[in-house]
Q: 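Attaching a single structure in structure tokens format; questions to follow.
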Amino acid sequence: MADDLGNEWWEEPAGDASNSGKRLSLRRVSEPAEEVKESEESKGNKKKKIPSGKTQVKRKKEVKVSQEAEKEDSAPKKKRRKKKTISDVLAQHAPTAGTPEDMQKLVLEHFENKRSVIELEELQIPDTCFVKENDLTHTLSSYLKEICPKWSKLSKNHKEKKSVLLLVVCSSAHRTLELIKLINAFKADTKVMKLFAKHIKIKDQINLLEKNVTHIGIGTPGRIKALIDQDGLSLESMKYLVFDWNWRDQKLRRMMDIPEVKKETLELLDSGLIRASRAGTLKIGLF
């Protein structure tokens, strides 16, 4: 007849029952772990409550900071003082002619920390060493005619080589060429030599001075001093030393406003020219 199935078909075997028990036990063990995780996550997600007193203090600080920032922005900023340029000074004051006092002051300021008291006394240039300065109304020729009234006689009697009767000192080679043109009305038949370093070797200038009689020398202080130091230019016959003192370049600078030219000019004066002027054989003019 019908087969005897033995155990009911819906009942699980003994081995299966044990497995199901294990599954239940695993579920029960895992459930509390999941609950612990959820509780930790919920704790982490909970925001920390800040007492109301602290929040008010923070707000007050923020308000103060913002108010201070507004004050700084609204407060007028201090403007830096601009250095006055030469053009600013000339716009306020009319240009004035250079004086012997200007040169005397520059010489003492330059050497005061380099020389002893006795040596500084020897660098002082008395007023008697100067001829009348240019009052800004003269051309170079008219000024030289005023300070050298006996030029024609002096130039005729001048026979010595390696020396000049009149030395004009200016700031640049370009200015030297301009002055050579401006001196035509004064020089007559005398010989003029340009004394600057641009495109001219110092040996060539020394050779020209040794071979020819030169009456007027016009050039820059650096090259003139180099010629004196190398015994290419003698001071024995020199009678007049004129500085292109009041002329201004494109930047409105005078020769003594340019640091390099100023330094070279003062060193040139110290190379025997101050001593010759103090001895009375040389007169200084400021054009």
Q: Indicate yes or no for a side-chain donor-acceptor contact from Glu119 to the backbone of Ser116 under 3.5 Å, with no hydrogens or angles considered.
A: yes

Q: Does Leu136 reach the side chain of Phe287, with side-chain heavy atoms less than 4.5 Å apart?
A: no

Q: Answer yes if the side chains of Ser237 and Glu160 hold a donor-acceptor pair under 3.5 Å, and no otherwise.
A: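 Yes - a donor-acceptor pair under 3.5 Å links their side chains.
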
Q: Keeping the roles fixed (side chain from Thr214, backbone from Val164), state whether a donor-acceptor pair exists under 3.5 Å.
A: no

Q: Once rounded to the nearest 0.5 Å, what's the spacing between atom CE of Met255 and atom OG of Ser172?
A: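 Met255 CE to Ser172 OG: 10.0 Å, rounded to 0.5 Å.
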
Q: With sequence neighbours excluded, give me every side chain to side chain donor-acceptor pair (under 3.5 Å) pair touching residues 200-213.
A: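 Found Gln205-Arg223.
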
Q: Please, which pairs that meet side chain to side chain donor-acceptor pair (under 3.5 Å) have at least one residue in residues 128-149, sequence neighbours excluded?
A: Asp135-Thr137, His138-Ser142, His138-Glu146, Thr139-Ser142

Q: Treat each ILVMFWY residue as a node, draw an edge where side-chain heavy atoms are under 4.5 Å apart, and state whether Val192 and Leu140 are in one component.
A: yes

Q: Exactly one of Leu167, Leu166, Val131 should register a side chain to side chain contact (heavy atoms under 4.5 Å, CB included) with Leu241. Which one does?
A: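 The residue from Leu167, Leu166, Val131 that satisfies side chain to side chain contact (heavy atoms under 4.5 Å, CB included) with Leu241 turns out to be Leu167.
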
Q: If you draw a 6.0 Å radius around NZ in Lys283, do more than 12 non-hydrogen atoms from other residues or ligands fall strictly inside?
A: yes

Q: Does a side-chain N-to-carboxylate-O contact under 4.0 Å join Asp244 and Arg175?
A: yes

Q: What distance do Ile224 atom CD1 and Leu195 atom CG have between them, rounded to the nearest 0.5 Å?
A: 5.5 Å

Q: Between Lys225 (side chain) and Leu269 (backbone), is there a donor-acceptor pair under 3.5 Å?
A: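 Checked: no pair found.
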
Q: Which value, rounded to the nearest 0.5 Å, describes the distance between Lys239 atom NZ and Cys148 atom SG?
A: 12.0 Å

Q: Does the distance from a Lys or Arg side-chain N to an Asp or Glu carboxylate O, for Glu101 and Lys105, drop under 4.0 Å?
A: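 No, Glu101 and Lys105 are not salt-bridged.
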
Q: When you look at Arg115 and Asp270, which way does the salt bridge (charged side-chain N to carboxylate O under 4.0 Å, His left out) test go after all the steps?
A: CA-CA 12 Å; Arg115 305 293 172 87; Asp270 188 38; 2.7 Å; yes

Q: Salt bridge or not for Arg254 and Asp102, using N-O below 4.0 Å?
A: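 Between Asp102 and Arg254 there is no salt bridge, as every charged N stays at least 4.0 Å from the carboxylate O atoms.
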
Q: Within the side chain of Asn157, is there an N or O that forms a donor-acceptor pair under 3.5 Å with the backbone of Leu154?
A: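 Between the backbone of Leu154 and the side chain of Asn157 there is no qualifying donor-acceptor contact (under 3.5 Å).
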
Q: Answer yes or no: is there a side-chain heavy-atom contact under 4.5 Å between Leu282 and Leu235?
A: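 No; the side chains remain at least 4.5 Å from each other.
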
Q: Should we say atom CZ of Arg278 is surrounded by more than 12 heavy atoms from elsewhere, each under 6.0 Å from it?
A: yes

Q: Between Thr281 and Ser277 (side chain of the first, backbone of the second, donor and acceptor by atom type, cut-off under 3.5 Å), is there such a pair?
A: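 Side chain of Thr281 to backbone of Ser277: no pair is present.
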
Q: Do the non-hydrogen side-chain atoms of Met256 and Val261 ever get within less than 4.5 Å of each other?
A: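 Not in contact.
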
Q: Should Val107 and Ile274 count as side-chain neighbours, where that means a heavy-atom distance under 4.5 Å?
A: yes

Q: Could you grab the distance from atom OG1 of Thr220 to atom CZ of Phe196, nearest 0.5 Å is fine?
A: 8.0 Å

Q: Does His215 use its side chain to pair, donor to acceptor, with the backbone of Lys191 at less than 3.5 Å?
A: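 The answer is yes, because a donor-acceptor pair under 3.5 Å joins these two groups.
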
Q: Do Leu179 and Val168 make a side-chain contact, defined as non-hydrogen atoms from C-beta onward lying under 4.5 Å apart?
A: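 Yes, their side chains come closer than 4.5 Å.
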
